[in-house]
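Presented below is the structure to which this report refers.
The chains referred to below are lettered A, B, ... by the order of the sequence lines, with proteins before strands, and numbering in each begins at 1.
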Number of protein chains: 2
Amino acid sequence: MLKEERQKYILDQVHLHHRVLLNDLSDSLNVSIDTVRRDVKELDKEKKLKKVHGGATSFGFMTFTKDDGNIYLKSKKISIAEKTVSLLSDGQVILMSGGTTNMEVAKLIPKKLVLTVFTPSLHVAMALLEHENVEVIFLGGKLLHDAKFAVGGTVVNALSQLRVDLCILGTGYLDAEFGLTEFDWEVIQVKQAMIRAAKKTVILTVSDKLHSVQKYKTCDMTAVHTLVTELDPSDPLLDSFRPFELMLV
Amino acid sequence: MLKEERQKYILDQVHLHHRVLLNDLSDSLNVSIDTVRRDVKELDKEKKLKKVHGGATSFGFMTFTKDDGNIYLKSKKISIAEKTVSLLSDGQVILMSGGTTNMEVAKLIPKKLVLTVFTPSLHVAMALLEHENVEVIFLGGKLLHDAKFAVGGTVVNALSQLRVDLCILGTGYLDAEFGLTEFDWEVIQVKQAMIRAAKKTVILTVSDKLHSVQKYKTCDMTAVHTLVTELDPSDPLLDSFRPFELMLV
DNA sequence: AAAAACTTTGCAAGTTTTTGCTGTTTTCGT
DNA sequence: ACGAAAACAGCAAAAACTTGCAAAGTTTTT
């Protein structure tokens, strides 16, 4: 097993569970505890995670529901959210997934915009309820403890009975070749159902997550109609997505 | 368990309840009181909380009035919540409605109690997700803007497919003659479905709401199995409920 | 193609951190 | 002021960490 693979696995685990034990890692990776220790030390130095006694945690693990510690990331997300909101129009019925970027969208929706929004995300639902003119319908199901996101058959089932105008997908890793990927199996089931239930799909991604691939695949790039990033649509970083029939915003 | 996890839990508890007892922490975290003491001491040094004799409080505890503004009402509700939590046992499947009293229950559930909870309340769901051992299933539907509570056919329908051990109804006005009443038609539809879906029903009511009646009727007193108030079960204020076959707590 | 230089990995010895336990001292409510 | 509960200090075992080193594998140089 390559060092790269190991470190990627470690990062995945940290992102997924917000913490890992060195012992567990050394166990599941079949390498000595020292190797894992060195890997984690490196990742810590690169600020990809936080090393702690006995293991590692993701950044923002300790922050008490206070958005992000990362100012740059946050301003990128707001920029994306502003662009996204401009795509909405009165009377639309839309789907919104979870994630911090979608949270910003939910907050930025104009007070007078009349919408019907379906969502499986507790946080997004909460933010949307601040808007009087937005009818919020929660897609109920088993809630994930970390993501506060409903998953499972109930959600997928409810989605199969919908046909909405727009689906706005928040978090996710994007690559021209591999499409949209995630590191949680249950989440991609829901996202796939969301895409099926919508006439058009919008993906929100901060440029950091472009050209990166995770374990599970949600959909191909061909399923996406609009890609919103904080970059200028003419930015060369987006070149690899131009062959697809999609709108860059 | 990592030290960071413990400290996050402690901070969460402090932020949630504005005070914690070291004994409770050591109990629910399954570590010695000394370890908790050292953790709290550290967090105090980092100005993340304020250590006091026997426990810790969050900063700005005295100025905190989000809940009710009414400190007496709040302490009544906490007392009710404590009694209610003692009715729960490992492995139960329960239903919880919304309301501030039920919120206190959600917060006070011991960390090691294993439960499955169905709820149509955003706030309760959110609070329950703080507990690792509680599986939370949200009953999805149209959300009421003020109550952050799901109502409508979807919820009632989902409830009709359930048969759970216990239903805990929070807010509500109670009267021996008129039973349980509410002022929202859509809410009582859901509460009625909740009662039907449960083997036993527990009502939580602060004594202020005893012997008061609202516009719409949820159910008769005969449908109630347990009544939890902040009063002593022998209090004369409860006399009018004694003719019914119910447990006073 | 062999040698040299470098990287990666696992091991072992020694150090530090963490944690629970033991008394002892301090604090608090009555 | 008294007894109980809480805080503290010191100790010891266990777990985690550090460092140095050598074997195995890679890459670069000659």
Side-chain angles (χ1 to χ4, degrees), chain A residues 1-59 61-62, chain B residues 1-59 61-62 71-72 74-76 78-79 82 85-86 108 110-112 132-133 230 232:
Chain A
M1 164 161 279
L2 267 61
K3 197 172 113 179
E4 295 275 317
E5 290 180 86
R6 264 199 336 261
Q7 299 202 350
K8 182 147 154 37
Y9 177 82
I10 293 173
L11 277 179
D12 280 359
Q13 289 299 309
V14 169
H15 286 140
L16 204 51
H17 300 115
H18 298 295
R19 60 131 227 194
V20 272
L21 307 182
L22 296 192
N23 274 320
D24 290 354
L25 286 175
S26 119
D27 228 35
S28 45
L29 288 168
N30 280 317
V31 290
S32 79
I33 187 97
D34 301 72
T35 304
V36 172
R37 210 185 294 287
R38 274 185 278 246
D39 279 336
V40 169
K41 200 186 222 170
E42 240 178 78
L43 292 170
D44 177 82
K45 201 158 282 172
E46 296 169 28
K47 300 269 185 273
K48 301 261 182 69
L49 49 70
K50 178 138 186 262
K51 201 183 114 40
V52 298
H53 197 95
T57 69
S58 68
F59 282 112
F61 173 70
M62 283 300 284
Chain B
M1 164 163 281
L2 288 163
K3 194 171 99 174
E4 276 67 23
E5 288 182 274
R6 268 201 330 263
Q7 300 199 349
K8 176 177 154 57
Y9 177 80
I10 293 172
L11 276 180
D12 282 354
Q13 289 299 307
V14 169
H15 284 136
L16 218 48
H17 299 116
H18 309 290
R19 80 186 172 107
V20 275
L21 305 181
L22 297 191
N23 273 321
D24 291 352
L25 287 175
S26 120
D27 211 41
S28 45
L29 288 168
N30 281 317
V31 290
S32 79
I33 188 95
D34 299 73
T35 304
V36 171
R37 205 186 299 288
R38 275 186 276 244
D39 279 336
V40 169
K41 198 186 219 170
E42 240 178 79
L43 292 170
D44 178 81
K45 201 159 283 172
E46 296 167 29
K47 302 274 184 253
K48 300 260 182 69
L49 49 70
K50 177 126 186 274
K51 199 179 119 37
V52 297
H53 198 91
T57 69
S58 72
F59 287 110
F61 169 57
M62 293 309 282
I71 201 90
Y72 296 104
K74 167 123 186 173
S75 69
K76 282 181 188 175
I78 288 179
S79 147
E82 280 167 351
V85 167
S86 72
L108 284 176
K111 197 178 170 163
K112 51 189 173 181
E132 270 191 36
N133 291 317
E230 87 280 10
D232 189 277

Contacts of A:Asp12 that satisfy side-chain contact (heavy atoms from CB on, under 4.5 Å) - sequence neighbours left out: A:Lys8, A:Gln214, A:Lys215

Interatomic distance, A:Ile33 atom CD1 to A:Leu22 atom CG [nearest 0.5 angstrom]: 5.0 Å

Phosphate OP1/OP2 of C:dT9 contacted by A:Arg6 side-chain N/O (<4.0 Å): yes

Results of side-chain contact (heavy atoms from CB on, under 4.5 Å) for A:Glu5 - residues two or more places apart only: A:Met1, A:Leu2

Nucleotide C:dT19, atom P - distance to CG of B:Asn30 in whole Å: 14 Å

Interatomic spacing from CZ in A:Arg19 to OG in A:Ser58 - rounded to 0.5 Å: 11.5 Å

Atom-to-atom span, NZ of A:Lys3 to P of C:dG10 - whole angstrom: 13 Å

Pairing annotation in dot-bracket form, given for DNA chain D with Watson-Crick or G-U pairs under 3.5 Å and | for cross-strand partners: ||||||||||||||||||||||||||||||

Contact under 4.0 Å: A:Thr35 side-chain N or O vs C:dT9 OP1/OP2: no

Atom-to-atom span, CG of B:Asp44 to P of D:dC8 - whole angstrom: 10 Å

B:Gln7 and B:Leu43: CA distance, side-chain angles, deciding distance, side-chain contact (heavy atoms from CB on, under 4.5 Å) verdict: CA-CA 8 Å; B:Gln7 300 199 349; B:Leu43 292 170; 3.6 Å; yes

Stepwise side-chain contact (heavy atoms from CB on, under 4.5 Å) test for B:Thr57 and B:Val14: CA-CA 6 Å; B:Thr57 69; B:Val14 169; 5.7 Å; no

Contacts of A:Asp24 that satisfy side-chain contact (heavy atoms from CB on, under 4.5 Å) - sequence neighbours left out: A:Leu21

Residues forming a side-chain contact (heavy atoms from CB on, under 4.5 Å) with B:Ser28, sequence neighbours excluded: B:Tyr9, B:Lys111

B:Glu4 CD - C:dT17 P separation (whole Å): 14 Å

B:Leu25 CG to D:dA6 P, straight-line distance once rounded to whole Å: 13 Å

Sugar-phosphate or base contact per nucleotide [nucleotides 14-28 of chain D; S, B, -; heavy atom under 4.0 Å]: --SSB----------

